2 protein chains.
Amino acid sequence: MGRQPGYDTAALVRAARRVFWEHGYEQASVPELERATGVNRSSLYHAFGSKRGLYDAALTSYLDEVVRPRLRPLQTPPVQPAALADYLQHLLDALARDATGDGDASRGCLLLSAAAAPIGQDDAVRAVVVAYRAELRAAVAGGLAAARPDLDDTVRAHLAESVTALVVAALALVRVDVVAAADSLRAALEVSRPEPARQPARQSLG
Amino acid sequence: MGRQPGYDTAALVRAARRVFWEHGYEQASVPELERATGVNRSSLYHAFGSKRGLYDAALTSYLDEVVRPRLRPLQTPPVQPAALADYLQHLLDALARDATGDGDASRGCLLLSAAAAPIGQDDAVRAVVVAYRAELRAAVAGGLAAARPDLDDTVRAHLAESVTALVVAALALVRVDVVAAADSLRAALEVSRPEPARQPARQSLG
DNA sequence: GCTTTACTGTAACGTCCATTGCAGAAAAGC
DNA sequence: GCTTTTCTGCAATGGACGTTACAGTAAAGC
């Protein structure tokens, strides 16, 4: 019983998601969320409790409506090798294209701000980011395994990690994955390496 | 003539840099900068004009004292192939290690916030980021050319772009570079590719 | 139609922010 | 020692923020 909302909740969350996507959690102001959704702050707080509650709804909606549909081609066998190559190519390609466009994704991945900004310190948000990364890794590894069973296991593992790391690094800036990519690159460098001598030098670019 | 500052300017900027590094420009508050530098806001505004002026000084100091020293091994011939492999390996390795540590770099690259945050919209800051990316690209390409003249030009170019893209993507999140990395990955996928047929599918992960 | 429940508009709250004014303190040059 | 220049401490300004209180309105169930 009672009065019905004068707005479409799904559309509201989508509009809010766009604001968070563009400005990040901290820089997205409540007045701006009001403007974008066309809904008064009273209704927003009544429905979501807080700015943070609305952000959580936006995160969920982002994963369900944006991320997962794009990963589905990797998870639906049979995966053709050529299709996989094209898929990965165009996936990364689209990232670059979006970055220069003026669409929703022009400011990068919504989870980027979650990981890099202060909100990323929050345990609940961090858990979402970690789960997202695992999901992405599994999708890439699974798709690659289905498409290229002919590849050597080690090579395929390196390739999967490298692709995942690149996508994750570009999207969510989880720098830990760079380790795996570094292994891949090292392997690539070793292929036609003239001498096996090494001389480690611990340094950081910051 | 006149009174001398009661602080060491270089140390002050380093302390401020650490704050900007950790929290980003927008989230770094003046009271926190006062605390970290041990200098009153009056002196800060007297010396740097504004919070933004202090940030500019921190950016310059970051490039001079942090970034360029790490790139020098790539720019000082002769570069040994083994040393280059180790250098790149440990460079990326250190990025991951720093990310999990509690040092200055635990929050990523200082220029990351400059590129991803609202301050990155500023023309002057954007110019710094672009120059930084070009410098990094030149260093990697130059080092690789010096170390591995035996490699095929195309392969070496791909490798250089891939390494640069990975480092830049992980550090500064300039997604345009992902294009070059995607080319590299595509080349890697093509190496042992059974069939040449393609079927483009334009999609974006966001 | 009346009650109950839920949504919505206006206005205000307290807090933090970057920035500024101003009076005072310290040191360099004569 | 006096002047000049520069640095510093304290206090306040105006504005933006997230959040809440409250009165009002609309619709669902009986």
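Throughout, a chain's letter reflects where its sequence line sits, starting with A, and its residues are numbered from 1. Values in this document were obtained by computation on a predicted structure and should not be read as measured data.
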What integer distance in Å separates [X]:[atom1] from [N]:[atom2]?
{"X": "A:Leu44", "N": "D:dC17", "atom1": "CG", "atom2": "C1'", "answer": "15 Å"}
{"X": "B:Gln27", "N": "D:dG18", "atom1": "CD", "atom2": "P", "answer": "11 Å"}
{"X": "B:Tyr55", "N": "C:dA18", "atom1": "OH", "atom2": "P", "answer": "14 Å"}
{"X": "A:His23", "N": "D:dG18", "atom1": "NE2", "atom2": "P", "answer": "12 Å"}
{"X": "B:Lys51", "N": "C:dC16", "atom1": "NZ", "atom2": "C1'", "answer": "12 Å"}
{"X": "A:Gln4", "N": "C:dT4", "atom1": "CD", "atom2": "P", "answer": "20 Å"}
{"X": "A:Tyr7", "N": "C:dG9", "atom1": "OH", "atom2": "C1'", "answer": "14 Å"}
{"X": "B:Arg35", "N": "D:dG9", "atom1": "CZ", "atom2": "C1'", "answer": "17 Å"}

From CA spacing to verdict: side-chain contact (heavy atoms from CB on, under 4.5 Å), A:Leu33, A:Val39: CA-CA 8 Å; A:Leu33 289 167; A:Val39 172; over 6 Å; no

C:dT19 base / B:Ser50 side chain donor-acceptor hit below 3.5 Å: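 It does not, because no donor-acceptor pair links the side chain of B:Ser50 to the base of C:dT19 below 3.5 Å.
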
Base D:dC10 paired with B:Ser42 side chain (donor-acceptor, <3.5 Å):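 Looking at the base of D:dC10, it does pair with a donor or acceptor on the side chain of B:Ser42 (distance under 3.5 Å).
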
Residue closer to the 5' end of DNA chain D, B:Arg41 versus B:Gly6 (nearest nucleotide):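 With B:Gly6 and B:Arg41 compared, the 5'-side residue is B:Gly6.
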
Sugar-phosphate, base or nothing in reach of A:Ser29, heavy atoms under 4.0 Å: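 Counting heavy atoms under 4.0 Å across all strands, the contact made by A:Ser29 is with sugar-phosphate only.
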
Residue-phosphate contact under 4.0 Å: B:Ser43 side-chain N/O, D:dC7 OP1/OP2: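 Checking D:dC7 against B:Ser43, no side-chain N or O comes under 4.0 Å of OP1 or OP2.
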
Parallel, tilted or perpendicular, as decided by the 30° and 60° cut-offs, for the rings of B:Tyr55 and B:Phe20: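 Taking B:Tyr55 first and then B:Phe20, their aromatic rings stand perpendicular (interplane angle over 60°).
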
B:Ile119 CD1 to B:Arg126 CZ distance, which is reported to the nearest 0.5 Å: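 Spacing of CD1 (B:Ile119) from CZ (B:Arg126) equals 11.5 Å.
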
Kindly point out which of [options] is positioned nearest to the side chain of [X]?
{"X": "B:Asn40", "options": "C:dT8, D:dG9, D:dC17", "value": "D:dG9"}
{"X": "A:His46", "options": "C:dA6, D:dT19, D:dA28", "value": "C:dA6"}
{"X": "A:Tyr45", "options": "C:dT10, D:dG18, D:dT8", "value": "D:dG18"}

B:Gln27 side chain reached by A:Gln27 side chain, heavy atoms, under 4.5 Å: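 Yes, their side chains come closer than 4.5 Å.
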
Given DNA chain C, 5'-ward residue of the pair B:Arg52 and A:Glu34, judged by closest heavy atom: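 Looking at the nearest nucleotide for each, A:Glu34 comes out on the 5' side.
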
Closest non-hydrogen atom pair between B:Pro31 and B:Arg41, with its separation: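 The answer is CG-NH2, 4.0 Å.
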
